Protein chains: 2
Amino acid sequence: MRKKNFKITKKRQHILEVLKGTDEHLSAEDIYFILKRKNIKVGLATIYRTLDLFYQHGIVNKINVGDGTVRYEYVDRKRVHHHHLICIKCGKIMEYTDKKEEEFLKELTKRIKDRYGFTVLSHEIYLYGICNECREKEKS
Amino acid sequence: MRKKNFKITKKRQHILEVLKGTDEHLSAEDIYFILKRKNIKVGLATIYRTLDLFYQHGIVNKINVGDGTVRYEYVDRKRVHHHHLICIKCGKIMEYTDKKEEEFLKELTKRIKDRYGFTVLSHEIYLYGICNECREKEKS
DNA sequence: TTTCATGCAAAGGTTTTGCAGTCGC
DNA sequence: GCGACTGCAAAACCTTTGCATGAAA
């Protein structure tokens, strides 16, 4: 997995650490400011380049909820596969897991292959709606 | 559905027609050039504004496959609900439908509500992989 | 005739790129 | 020392906005 010509530098480690240490879905700019607050100076361009590198190597996932930025999350191989809930009121992104979904997707992949000749390699599911907090607020 | 202060102009009709007349998933720029080729001159800004208007009124869906643009598709109420297959080689976007998926999503919506208190209102599923044509090409 | 729609150009926000300097191995 | 990494600033890109003009009801 680790191609040659791929150096593990301090700055890259810092970026990875930020991603590992949060359950939020961060944009490049988010990471830039988080590091800045810790007095770690990394240029935005470097962050973009590093995130792309990580993505090419399967170290992070891209999340695209249509808010004008690409967000990233660390791929933790010890965790169950998950998907995302996006609140259309406050924009919060949450993760969910569902056992039956895994089974379903496995079957779906097979059906897609049979019907369309398309080989599914990965999937993204986004569920849009109203989160608990926003629903409570609306009541009042 | 049709709010007041919403005029049906020639240009808006042209834009809608383009969307109705294709099974591709078009960006604002795509639409701009398609109209241009037909000698119909509509400014890009107008297309963006119109697409947003259509979106607000549920006339079109947004598709976000992470290629740096937002794409749109006409919401045909006579068609079954569908989701998208995206080829990671050629970038082609295809649609698929799956009866069992509909059932599954209905159940999933209920489980999400029970477990997370999150009310699902809509969903997007993107399956990434290799399309038939690209797989054939790879063989050779 | 009043209100909304449009075009143009400018601005906005995010991401990428060129290049000179720096660091890791 | 060489090749890869970084920062900065500029550029590229997609999308939005302000404003004067034009079209629709």
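Throughout, protein chains are lettered first and strands after them, A, B, ... in sequence-line order, and every chain is numbered starting at 1. In this text, all values refer to a predicted model and were calculated from it rather than measured experimentally.
Aromatic ring centres of Phe6(A) and His57(A) lie closer together than 6.0 Å.
Atom C1' of nucleotide dT15(D) and atom CG of Asp67(A) are separated by 14 Å, given to the nearest angstrom. Separating the CG atom of Asp52(B) from the C1' atom of dT16(D) is a distance of 10 Å, rounded to the nearest angstrom. Rounding to whole angstrom units, CD of residue Gln13(B) and P of dA23(D) are separated by 16 Å. Distance CD (Glu29(A)) to C1' (dT16(C)): 15 Å, rounded to an integer number of Å. In this structure, CD1 of Ile8(A) is placed 20 Å from P of dG3(D), rounded to the nearest angstrom. Summarising the geometry, the separation between CD on Gln56(B) and C1' on dT16(D) is reported as 14 Å, rounded to the nearest angstrom. Distance, Tyr55(A) OH to dT16(C) P: 12 Å, rounded to whole Å.
Connection of Ile93(A) to Ile31(A) is not established within any shared hydrophobic cluster, with ILVMFWY side chains joined at heavy-atom distances below 4.5 Å, either directly or through further cluster members. The cluster map of Ile, Leu, Val, Met, Phe, Trp and Tyr, joined by side-chain heavy atoms under 4.5 Å apart, puts Leu35(A) and Leu19(A) in the same cluster. Tracing side-chain contacts under 4.5 Å through hydrophobic residues (I, L, V, M, F, W, Y), one never reaches Tyr128(A) starting from Val70(B); they form parts of separate clusters.
Looking at Lys113(B) and Thr119(B), their side chains do bring a donor and an acceptor atom within 3.5 Å of each other.
Each of Arg71(A), Met94(A), Glu95(A) was compared with His84(A) under the side-chain contact (heavy atoms from CB on, under 4.5 Å) criterion, and only Glu95(A) meets it.
Comparing Tyr72(A) and Lys10(B) by the nucleotide of DNA chain C whose heavy atom lies nearest to each, the residue mapping closer to the 5' end is Lys10(B). Between Leu44(B) and Leu44(A), it is Leu44(A) whose nearest contact on DNA chain D lies nearer the 5' terminus.
Below 30°, between 30° and 60°, or above 60°: for His83(A) and His123(A) the angle between ring planes is between 30° and 60°, a tilted geometry.
Comparing the start and finish of the helix from dT1(C)-dA25(D) to dC25(C)-dG1(D), five pairs each, the helix axis swings through 30°, to the nearest 10 degrees.
Nearest nucleotide to the Tyr48(A) side chain, out of dA25(D), dC8(C), dT15(C): dT15(C). Across dA9(C), dC5(D), dA5(C), the shortest atom-to-atom separation from the side chain of Ala45(B) is found for dA9(C). Considering only the side chain of Lys7(B), dC4(C) comes nearest among dT6(C), dC4(C), dA4(D). With distances taken from any side-chain atom of Thr9(A) to the nucleotides dT6(C), dA24(D), dT6(D), the minimum falls on dT6(D). Among dT6(C), dT14(C), dG7(D), the nucleotide with an atom closest to any side-chain atom of Val42(A) is dG7(D).
Side-chain N/O atoms of Lys41(A) include one lying less than 4.0 angstrom from OP1 or OP2 on dC8(D). Contact between the side-chain N/O atoms of Thr46(A) and the OP1/OP2 oxygens of dG7(D) is found at a separation under 4.0 Å. Proximity of Lys11(B) to the phosphate of dG7(C): a side-chain N or O atom is located under 4.0 Å from OP1 or OP2.
One can find a donor-acceptor pair under 3.5 Å joining the base of dG7(D) and the side-chain atoms of Arg49(A).
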